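Being a predicted model, the structure only gives us computed values, none of them experimental. We use all heavy atoms of the structure for the numbers below, so side chains are in, but hydrogens, waters and symmetry mates are not.
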Amino acid sequence: MKKLPFVTNEQLQEIVKQFPTPFYLYDEKGIRENAKAVKEAFSWNKGYKEYFAVKATPNPFLIQILHEYGCGCDCSSMTELMLSDALSICGEDIMFSSNDTPPQEFAFADEIGAIINLDDFTHIDFLEKTIGKIPKTISCRYNPGGVYEISNGIMDNPGESKYGFTKEQLFEGYQILKEKGVERFGLHAFLVSNTVTNDYYPALAKTLFELVVEIKEKLGISMSFINLSGGVGIPYRPEETPNDIQKIGEGVRQVYEEVLVPAGLGDVAIYTEMGRFMTGPYGCLVTRAIHEKHTYKEYIGVDACAANLMRPAMYNAYHHITVMGKEDAPCDHMYDVTGSLCENNDKFAINRMLPKIDKGDLLVIHDTGAHGFAMGYNYNGRLWSSEVLLKEDGSAQLIRRAQTPKDYFATFDCFDILKDMKYPE
Ligand SMILES: *Cc1c(COP(=O)(O)O)cnc(C)c1O
């Protein structure tokens with residue numbers, strides 16, 4: 001399928017008059033339509049809730065939009081908890097799914113009433129010592145070990161992953177938690193990342209539902225909620241078929257009817273913690289070609305770099321690129337599209353066939369609405385870009401300004417670099 005940006009060249013030429021490149025642009029309409037579809041896909045389950053993985057796109061404007069569709073927040077750190085709390089998304093609207101958790105974060109999560117999802121057996125004791133009690137509601141993260149394979153060959157390696165309880169630890173942990181007075185129990189697992197298939201959630205649901213039946217039989221504990229976590233992917237490549245959330249929801253419903261209902265567990269709430277699927281396709285990085293270099297290869301230098309979008313450099317991830325105004329031009333030039341970091345892996349594309357690019361062209365780097373801006377860093381003293389929301393009415397709203405040198409130097413309390421210095425705002 002031909003991938004086109006959610007913004008037209010005409011619209012974008014107007015937006016860049018208002019906001020200098022590079023910037024992240026988000027599509028309000030796309031985010032809303034998708035959030036609605038997710039809600040509908042799981043509407044068969046009375047207690048269903050999506051906890052948006054805040055780490056994917058920690059922007060209050062976007063989280064607020066998702067909250068209108070009933071989404072809570074999945075947080076993993078103090079600042080993510082603070083962000084949710086500042087939006088008055090608190091109590092059981094927060095799932096605190098962290099790992100290697102500092103004590104003050106457990107304490108704050110408990111203070112604001114978040115559901116704590118324990119990553120490890122030893123955290124039962126650690127939590128109790130830290131906050132002086134065990135909350136009435138608690139969740140545990142499961143890691144089945146080994147290799148987890150879905151029907152069509154898609155797999156991952158939980159046995160090599162640092163997360164979760166082993167099965168034995170899980171049974172012992174729930175027993176201990178029950179003795180300590182826990183009243184509502186949850187089970188969580190995140191086994192495969194970015195699955196572009198409708199089969200992952202149903203397969204994971206089957207694994208977890210069967211385990212929950214076993215827990216009921218052996219420990220007499222009826223799980224209150226099952227958290228399928230994240231991992232529902234998006235088609236980064238044009239040839240991939242997007243997931244159909246309606247089919248995914250229906251697949252989970254069938255397993256629910258098959259496994260949980262006959263075991264007398266027809267009241268269990270289904271939770272999800274999707275990040276990528278909620279915002280990934282509805283964000284792009286807008287950047288401008290500023291250099292053209294011919295050496296042993298053809299290079300296009302753009303004004304964004306890996307500090308703005310790390311995925312290509314870190315994971316060798318593919319992100320589709322559209323050269324604006326040349327959407328229908330033949331892709332008859334091969335380029336490496338690079339940023340300015342002093343690192344040779346700072347390339348948004350390698351050997352990519354694209355239309356002929358001229359200096360000044362705008363490039364849209366697709367599918368960066370999740371794990372994009374959020375993974376930004378400041379290497380080479382490169383600053384974070386702004387974030388802009390393309391609203392439903394076609395207007396553009398700044399939802400985070402770009403970082404300035406003043407922000408960058410702000411932590412040098414003991415050395416005032418900016419004193420008497422003229423610097424660009
Ligand atoms: C990252 C993460 C998610 C979101 O994952 P996506 O692949 O973006 O859906 C959900 N839960 C936990 C615990 C995570 O670490």
Side-chain angles (χ1 to χ4, degrees), residues 45 51 53 74 76 95-101 115-124 126 138-178 182 185-233 243 248 251-263 265 268-277:
N45 182 258
Y51 290 88
D74 161 36
S76 60
M95 183 68 62
F96 185 50
S97 286
S98 73
N99 71 95
D100 189 19
T101 314
I115 300 176
I116 293 176
N117 181 31
L118 296 173
D119 178 69
D120 184 38
F121 180 75
T122 65
H123 290 187
I124 298 172
F126 186 84
I138 204 128
S139 172
C140 297
R141 181 169 185 165
Y142 172 50
N143 181 335
V147 170
Y148 193 79
E149 191 171 351
I150 318 167
S151 54
N152 48 13
I154 292 174
M155 60 167 87
D156 216 326
N157 204 344
E160 290 290 328
S161 114
K162 66 173 178 171
Y163 307 108
F165 293 52
T166 67
K167 191 170 174 185
E168 291 69 31
Q169 289 171 339
L170 199 64
F171 276 78
E172 195 183 339
Y174 281 128
Q175 183 62 42
I176 292 170
L177 290 166
K178 188 181 165 190
V182 171
F185 295 87
L187 174 67
H188 170 281
F190 188 164
L191 304 185
V192 193
S193 217
N194 190 34
T195 57
V196 190
T197 165
N198 295 328
D199 297 337
Y200 170 62
Y201 261 4
L204 173 67
K206 189 162 194 294
T207 303
L208 297 184
F209 295 175
E210 285 170 356
L211 182 62
V212 159
V213 172
E214 198 182 330
I215 290 168
K216 187 182 179 204
E217 284 164 0
K218 295 204 174 127
L219 303 176
I221 290 172
S222 291
M223 210 57 66
S224 297
F225 56 89
I226 297 170
N227 185 343
L228 302 176
S229 190
V232 178
N243 286 343
I248 292 174
V252 174
R253 190 192 66 80
Q254 280 174 18
V255 188
Y256 192 98
E257 296 290 334
E258 236 172 75
V259 182
L260 288 183
V261 174
L265 288 160
V268 180
I270 300 300
Y271 295 163
T272 56
E273 268 176 356
M274 293 181 279
R276 198 183 312 268
F277 189 78

Donor-acceptor check, side chain of K178 to backbone of L219, threshold 3.5 angstrom: yes or no?
yes
Inter-residue atom distance N157.CG - E149.CD, 0.5 Å rounding:
11.5 Å
Give me the atom names and distance for the closest heavy-atom approach of A203 to I150.
CB-CG2, 4.1 Å
Just by distance, do the side chain of D119 and the backbone of G164 share a donor-acceptor pair under 3.5 Å?
yes
Considering residues, nucleotides and ligands other than K216, do more than 12 of their heavy atoms fall under 6.0 Å from its NZ?
yes
Do you know the tightest heavy-atom contact between L170 and Y142?
CD2-CD1, 3.7 Å
Determine, step by step, whether V147 and D156 satisfy the side-chain contact (heavy atoms from CB on, under 4.5 Å) criterion, reporting the C-alpha distance in whole Å, the side-chain angles of both residues, the deciding distance to 0.1 Å, and the verdict.
CA-CA 6 Å; V147 170; D156 216 326; over 6 Å; no
Against E273, only a single residue in V232, L228, D74 fulfils side chain to side chain contact (heavy atoms under 4.5 Å, CB included); can you say which?
D74
Check: N243 and F277 side chains under 4.5 Å, non-hydrogen atoms:
yes
State the CG-NZ distance between L211 and K167, to the nearest 0.5 angstrom.
6.0 Å
What pair of heavy atoms forms the shortest contact from G146 to P158, and how long is it?
O-CD, 3.2 Å
Rounded to the nearest 0.5 Å, how far apart are OG of S76 and CZ of F96?
7.0 Å
For the backbone of Y163 and the side chain of N143, can you confirm whether one donor and one acceptor N or O come within less than 3.5 Å of each other?
yes
Nearest heavy-atom neighbours spanning A205 and V252
CB-CG1, 4.2 Å
Any side-chain heavy-atom pair from Y256 and V268 closer than 4.5 angstrom?
yes
Side chain to side chain contact (heavy atoms under 4.5 Å, CB included) with P144: which of T166, L208, L191?
L191
Trace of the side chain to side chain donor-acceptor pair (under 3.5 Å) decision for T207 with Y148:
CA-CA 10 Å; T207 303; Y148 193 79; 2.7 Å; yes
With I248, the side chain to side chain contact (heavy atoms under 4.5 Å, CB included) member among N198, T197, T195:
N198
How many angstroms lie between atom CD of E214 and atom CZ of F171, to the nearest 0.5 angstrom?
4.0 Å
Specify the closest pair of heavy atoms between P202 and V255, including all atoms of both residues, with the distance to one decimal.
O-CG2, 3.8 Å
Between D120 (side chain only) and N99 (backbone N and O only), is there a donor and an acceptor less than 3.5 Å apart?
no
Please check: side-chain N/O of Y201 versus main-chain N/O of S229, any donor-acceptor pairing under 3.5 Å?
yes
Please tell me if the side chains of C140 and Q169 come closer than 4.5 Å, counting only heavy atoms from C-beta onward.
no
Report the C-alpha distance between L265 and F209 in whole Å, list the side-chain angles of each, state the deciding distance to 0.1 Å, and finish with yes or no for side-chain contact (heavy atoms from CB on, under 4.5 Å).
CA-CA 9 Å; L265 288 160; F209 295 175; over 6 Å; no
Any F185 side-chain heavy atom under 4.5 Å of I215 side chain:
no
When rounded to the nearest 0.5 angstrom, what distance separates CG in N117 from NE2 in H188?
5.0 Å
Rounded to the nearest 0.5 Å, the CD1 atom of I226 sits from the CD1 atom of I270 at a distance of 5.0 Å
If the plane angle is over 60° it's perpendicular, under 30° parallel, otherwise tilted; pick one for F225 and Y271.
parallel
Evaluate the side-chain contact (heavy atoms from CB on, under 4.5 Å) criterion for residues H123 and R141: first the C-alpha distance (whole Å), next the side-chain angles of each, then the deciding distance (0.1 Å), finally the verdict.
CA-CA 11 Å; H123 290 187; R141 181 169 185 165; over 6 Å; no
